Amino acid sequence: MCKKIMVINGPNLNMLGIREPNVYGCQSYSDLEAYIESYAGKLGIEATVLQSNSEGEIIDFIHHALGNYDAIIINPGAYTHYSYAIHDALSSVNLPTVEVHLSNIHKREEFRHKSVTAPACIGQICGLGFRGYTLAIDYLNETESDKNED
Ligand code: DQA
């Protein structure tokens, strides 16, 4: 049972609602924050929803989660596809982590098909829009597993 979950959104997710609405939909980033916080609140979970356009700041968030949060949900945005540093930060803290993508990255350009960060997570949810975050919350809330290892 997870009490505190850190939700990290990476670069350009602050542009939701403006950015490529055909891919990401018309709802804004504040709509996403409210959706996650309200869903978590109903389950008695405290979700802290953070966003950064900088790789270093995302790494600092991940380090801060250690000892302060029970689990992480991360949408690393485009860093998904090339940030070994975010992969290593997730491996360093070794908290139960689920990677979420709003879009189905496998249906899109070739460079989005690979996630270098997912191997440091329990699993990945993609293509289900906002719902991916609440499914990740349910999983982390219901699962006993406390590490990213098999
Ligand atoms: C994304 C998918 C990434 O490829 C992209 O760079 C993003 C958003 C998603 O949520 O679908 O910024 O992570």
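Numbering of ligands and ligand atoms starts at 1, following listing order. Values in this document were obtained by computation on a predicted structure and should not be read as measured data. Computed over heavy atoms, backbone and side chain alike; hydrogens, waters and symmetry mates excluded. Note that the numbering runs from 1 along the sequence shown for the chain.
For the residue pair V116 and S83, the shortest heavy atom distance occurs at CG2-N, 3.5 Å. Residues Y69 and H64 come closest through the heavy atom pair CE1-CD2, 4.2 Å.
Using a non-hydrogen distance threshold of 4.0 Å, Y79 does not register as a contact of ligand 1. For the pair E99 and ligand 1, no heavy-atom separation below 4.0 Å is found.
In terms of N/O distances under 3.5 Å, ligand 1 is not approached by R108. Considering both main-chain and side-chain atoms, T80 never comes within under 3.5 Å of ligand 1 through any nitrogen or oxygen pair. Ligand 1 has an N or O atom lying under 3.5 Å from an N or O atom of A78, backbone or side chain. Considering backbone and side-chain N/O of R112, one or more are found under 3.5 Å from N/O of ligand 1. Considering both main-chain and side-chain atoms, L102 comes within under 3.5 Å of ligand 1 through a nitrogen or oxygen pair.
Taking the six-membered ring for Trp, Y82 and Y79 have ring centres closer than 6.0 Å.
Scanning all protein heavy atoms for the shortest distance to atom 8 (C) of ligand 1 gives Y24 OH, 3.4 Å.
Scanning H101, H81, R19, M15 for the heavy atom closest to atom 12 (O) of ligand 1 points to R19.
Checked by atom type, the side-chain pair E99/S115 shows a donor-acceptor distance below 3.5 Å. Between the side chains of D138 and Y133, no donor-acceptor pair is found at a separation under 3.5 Å. Donor-acceptor pairing under 3.5 Å is recorded for the side chains of N53 and Q51.
Side-chain contact between I8 and I62: present, with at least one pair of heavy atoms (C-beta onward) separated by less than 4.5 Å.
Less than 4.0 angstrom separates some heavy atom of S103 from each of these atoms of ligand 1: 2 (C), 9 (C), 11 (O).
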